Amino acid sequence: QVQLVESGGGLVQAGGSLRLSCTASGRTFNTYTMGWFRQAPGKEREIVAGISWIGGSIYYADSVKDRFTISRDNAKNTAHLQINSLKPEDTAIYYCATGKLGFVGVRVPEFDYWGQGTQVTVSS
């Protein structure tokens with residue numbers, strides 16, 4: 001069993017930045033991949049970034065490349081998502097999740113434990 005808690009969301013103006021954090025407990029953190037997803041109202045949950053056990057493999061969705069940076073600190077059981085140059089279309093609830101696979105997955109079914117989400121709202 002893994003418990004995940006996200007934090008760092010908020011209301012920002014377009015062009016601003018946020019740093020989301022995900023703190024994990026309940027299982028050895030460096031034994032699973034991590035992903036960040038987002039879900040906007042009326043839309044499906046989509047992956048934005050994923051990272052392997054020790055950070056050697058990273059995935060970004062095309063829509064966030066060059067603006068989002070995923071990282072993890074296994075010593076602190078945390079993962080982060082640095083979001084820069086925010087756009088109104090980035091408005092969504094952001095979730096972190098643990099991966100089931102030995103490599104970085106990109107689909108919701110490839111992840112098992114989820115946090116409760118943190119709201120990111122970008123005003124124009």
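Everything quoted here is computed from the prediction, not taken from an experiment. Position 1 is the first residue of the sequence, and the numbers go up from there.
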*Asks:* Starting at CG of Asn77, measure out to CZ of Arg72 and round the result to the nearest 0.5 Å.
*Replies:*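 That separation rounds to 9.0 Å.
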*Asks:* Can Leu81 be reached from Leu4 by stepping across I, L, V, M, F, W or Y side chains whose heavy atoms are under 4.5 Å apart?
*Replies:*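 As far as the 4.5 Å side-chain criterion goes, Leu81 and Leu4 are connected within one cluster.
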*Asks:* Should Phe68 and Ile70 be counted in the same cluster of Ile, Leu, Val, Met, Phe, Trp and Tyr side chains packed under 4.5 Å apart?
*Replies:*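 Result: yes, single cluster for both.
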*Asks:* Please check this pair: side chain of Tyr32 against backbone of Ala97, looking for a donor-acceptor N/O pair closer than 3.5 Å.
*Replies:*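 Looks like no, no N/O pair under 3.5 Å.
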*Asks:* Test your reading of the model: is there a side-chain donor-acceptor pair from Ser124 to the backbone of Pro88, 3.5 Å cut-off?
*Replies:*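 It does not hold such a pair.
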*Asks:* When rounded to the nearest 0.5 angstrom, what is the spacing between CG in Asp112 and OG1 in Thr98?
*Replies:*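 That separation rounds to 3.5 Å.
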*Asks:* Looking only at heavy atoms, which two atoms of Pro109 and Lys100 are closest? And how far apart?
*Replies:*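 That closest heavy-atom pairing would be O-NZ, 3.0 Å.
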*Asks:* Identify the heavy atoms of Lys65 and Tyr60 that sit nearest to each other, and give their distance.
*Replies:*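 In this case the closest contact between Lys65 and Tyr60 is CE-O, 3.4 Å.
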*Asks:* Does Glu6 use its side chain to pair, donor to acceptor, with the backbone of Thr118 at less than 3.5 Å?
*Replies:*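 Looks like no, no N/O pair under 3.5 Å.
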*Asks:* Decide whether Val64 and Val120 are clustered together by the hydrophobic rule: side chain heavy atoms of Ile, Leu, Val, Met, Phe, Trp, Tyr closer than 4.5 Å, transitively.
*Replies:*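 Looking at the clustering, Val120 is in the same group as Val64.
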*Asks:* A side-chain contact here means heavy atoms from C-beta on lying under 4.5 Å apart; do Val108 and Tyr95 qualify?
*Replies:*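 Sidechains of Tyr95 and Val108: no contact.
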*Asks:* Do Tyr113 and Val104 share a hydrophobic cluster, counting only Ile, Leu, Val, Met, Phe, Trp and Tyr and linking them when any side-chain heavy atoms are less than 4.5 Å apart?
*Replies:*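 Each belongs to a different hydrophobic cluster.
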*Asks:* Of all the heavy-atom pairs spanning Ala92 and Ala40, show the shortest one and how long it is.
*Replies:*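 Answer, listing the atom of Ala92 first, then Ala40: CB-N, 3.8 Å.
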*Asks:* If you define the side chain from C-beta out and look only at heavy atoms, does anything of Gln119 sit under 4.5 Å from Thr91?
*Replies:*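 With C-beta onward as the side chain, the pair touches.
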*Asks:* Can you give me the closest heavy-atom contact between Val5 and Gln116, atom names plus distance?
*Replies:*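 Scanning both residues completely, I find the closest heavy atoms to be CA-OE1, 3.7 Å.
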*Asks:* Report yes or no: do Ile58 and Met34 belong to one cluster of Ile/Leu/Val/Met/Phe/Trp/Tyr joined by side chain heavy-atom distances under 4.5 Å?
*Replies:*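 Looking at the clustering, Met34 is in the same group as Ile58.
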*Asks:* Identify each donor-acceptor pair in which a side-chain atom of residues 16-25 lies under 3.5 Å from a protein atom, sequence neighbours left out, and give them as a table.
*Replies:*
unit_1: Ser17; atom_1: OG; unit_2: Asn84; atom_2: OD1; d: 3.0
unit_1: Ser21; atom_1: OG; unit_2: His80; atom_2: ND1; d: 3.0
unit_1: Ser25; atom_1: OG; unit_2: Gln3; atom_2: OE1; d: 3.3

*Asks:* Write out all pairs satisfying side chain to side chain donor-acceptor pair (under 3.5 Å) with one or both partners inside residues 49-59, taking only residues at least two apart or from two chains.
*Replies:*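 Every candidate side chain to side chain donor-acceptor pair (under 3.5 Å) pair involving residues 49-59 fails, so no pair, neighbours aside, qualifies.
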*Asks:* How long is the gap from CD1 on Ile93 to CD on Gln39, to the nearest 0.5 Å?
*Replies:*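 The distance works out to 7.0 Å.
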*Asks:* Does a side-chain heavy-atom distance below 4.5 Å link Asp90 with Arg67?
*Replies:*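 Counting from C-beta outward, Asp90 and Arg67 do come under 4.5 Å.
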*Asks:* May I ask you to check whether Phe111 and Phe37 place their ring centers less than 6.0 Å from one another?
*Replies:*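 Yes, the ring of Phe111 comes within the 6.0 Å limit of the ring of Phe37, centre to centre.
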